[in-house]
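To start, the structure itself, in structure tokens.
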Amino acid sequence: MTVHKILLFYRFVPLADPEAVRLWQRTLCESLGLTGRIILSKDGINGTVGGELKSVKRYITRMKEFAPFHDIDFKFSEGTGDDFPRLSVRVRDELVSFGAPGELVVDESGVVGGGTRLTPKQLNDLVAEKEVTFFDGRNRIEAAIGRFADAVVPDVNTTREFVAELDSGKYDHLKNKPVVTYCTGGIRCEVLSSLMRSRGFGEVYQLEGGIARYGEEFGDGGLWKGSLYVFDQRMSVPFTDSAEVISECSVCGTPSTRIENCSDPSCRELFVVCDEHAAAISCELHTNESTIGGSTTQSSGERTPILAE
Ligand SMILES: [Zn+2]
Ligand SMILES: [Zn+2]
């Protein structure tokens, strides 16, 4: 039986010629039959690719031969062979779209002026030792179904809204307190923690490997509560069978971790829904009384794919 794997990775490192790296990555992935998404910028690489185990291993070997990528921390997850319909390799202004490409400073060791890195164990030790505030580095809907205990959840629908949110003064009371940023796999916090530090937040930490790695180590027995939002068809996953359900259907209030798009195909807004209301969900803009509580026999159809962070 063929084993399929998904590889997740990123590396902040200066790339003198991202366009040349793009061409190389495209050829490399095509030759190995890998699909998925790779983003390149002058600041590095962010990728999620899937394929057969032996191809994925070969890809890693070739990546390590390229000096800027030789110490990338690759994370594996199980694949189905059908995870990504195609290959996309693009050069963009930013690896993660904060809308602040001019602010980020990157050198050979990564982001300059970011937060202090914490392993999951170090995070637990820090929390046991002093009062810290968790600061969710993800979007509103991601935090709705799972977050660290008592986390501050910024009011953002996209990563692009973080800069304005930080500049609003809402979180200035945290500037002299220990703040721990976290996100799914760690990449958004690389940027977020540096944006926070340059805005006067004095004691900023970032969870290395993100919630994904924390969950691997501590499951639901640590400081994490709820389910993890993921960027594939599953939308959300619990770490263990004893995961708490902290979110509820936005129509009827039943505890649920299911996420669906607004039923209007032109709208991308995401909502927590129960199974009964999965097909009926509609945002304020698209609310139509007749659809709420209506037919549930038909599925909500195609989900808008949310790409990896
Ligand atoms: Zn409901
Ligand atoms: Zn809508």
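One-based numbering, in listed order, for ligands and for the atoms of each. None of the values given here were measured: they were computed from a predicted structure.
Minimum-distance N/O/S atom of His277 relative to the Zn ion (ligand 1): ND1.
Under the 3.5 Å distance criterion, the side-chain polar atoms of Gln206 are matched with a main-chain donor or acceptor of Gly115. Side-chain N or O atoms of Tyr182 include one that pairs as donor or acceptor with a backbone N or O of Phe148 at under 3.5 Å.
Geometry at the Zn ion (ligand 2): SG/Cys262 and SG/Cys267 form an angle of 110°, nearest 10 degrees. Vertex the Zn ion (ligand 1), arms ending at SG of Cys249 and SG of Cys252: the angle is 110° after rounding to 10 degrees.
Within the structure, every pair that satisfies the salt bridge (charged side-chain N to carboxylate O under 4.0 Å, His left out) test and touches residues 189-202, not counting sequence neighbours, is listed here: Glu103-Arg199, Arg117-Glu190, Asp167-Arg199.
With Arg213 as the partner, the side chain to side chain donor-acceptor pair (under 3.5 Å) test is satisfied by one option alone out of Thr119, Thr184, Asp73: Asp73.
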